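Please read the structure below before turning to the comments.
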Amino acid sequence: MAGKRTFTMIKPDAMEAGNAGAIIKMIQEAGFKISAMKMTKLSEETAGQFYAVHKERPFYKDLTTYMSSGPIIAMILEKDNAVEDFRKLIGATNPADAAEGTIRKLFAKSIEANAVHGSDADDTALNEGNFFFAKTEQF
Ligand code: CMP
């Protein structure tokens with residue numbers, strides 16, 4: 001059975017552009033409940049830990065530099081079929097490939113500065129949520 005939770009970050013490009021409010025509104029209007037939320041700034045080291053799965057990829061260093069370049073908003077989101085439905089709402093990783101009306105099509109600047117992160121599976125959603133939030137911060 002598909003899980004009820006996913007994890008997202010509003011990335012530095014979308015924060016800097018002042019698009020956080022519009023993105024959160026789209027998320028809520030799509031039926032997601034916000035179970036946890038915080039604004040924070042990652043260090044390069046913490047960004048590296050979060051994206052450790054991409055350690056061997058050529059874009060890893062740029063990604064961790066970019067993700068620690070400004071504040072982000074982290075959220076745990078709840079909805080039936082959360083991971084898949086959220087990935088549909090945000091669109092493809094590369095905004096050039098993202099469907100019309102998706103968050104990345106509307107707000108992303110590039111494949112790296114792509115406005116939002118979305119978990120790719122139920123187990124990663126759990127791990128990523130727990131990476132940012134103590135149990136007492138998850139509602
Ligand atoms: P995200 O969904 O957060 O997961 C990994 C991130 O790496 C991705 O979004 C992009 O921000 C970034 N990235 C940069 N270059 C690439 C690439 N060529 N392929 C996939 N992800 C990339």
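First listed ligand is number 1; within each ligand, the first listed atom is number 1. None of these values were measured; they are calculated from a predicted model.
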Checking side-chain polar atoms at under 3.5 Å, does Lys109 have a donor or acceptor matched by the opposite partner on Asn114?
no
N/O pairs closer than 3.5 Å, ligand 1 and protein:
unit_1, atom_1, unit_2, atom_2, d
ligand 1, 2 (O), Arg104, NH2, 3.3
ligand 1, 3 (O), Lys11, NZ, 2.8
ligand 1, 3 (O), Tyr51, OH, 2.6
ligand 1, 3 (O), His117, ND1, 2.9
ligand 1, 9 (O), Lys11, NZ, 3.1
ligand 1, 9 (O), Asn114, ND2, 3.2
ligand 1, 11 (O), Lys11, NZ, 2.9
ligand 1, 11 (O), Ile111, O, 3.3
ligand 1, 11 (O), Glu112, O, 2.9
ligand 1, 11 (O), Asn114, OD1, 3.4

Would you tell me whether Asn130 and Lys135 have side-chain atoms, one donor and one acceptor, within less than 3.5 Å of each other?
yes
The criterion is ring-ring contact (aromatic ring centres under 6.0 Å, His included); which residues satisfy it with Phe133, sequence neighbours excluded?
none
Taking only residues two or more places apart in sequence or in another chain, which ones pass ring-ring contact (aromatic ring centres under 6.0 Å, His included) with Phe59?
His54
Is any side-chain heavy atom of Ser69 less than 4.5 Å from a side-chain heavy atom of Pro12?
yes
The criterion is ring-ring contact (aromatic ring centres under 6.0 Å, His included); which residues satisfy it with Phe86, sequence neighbours excluded?
Phe32
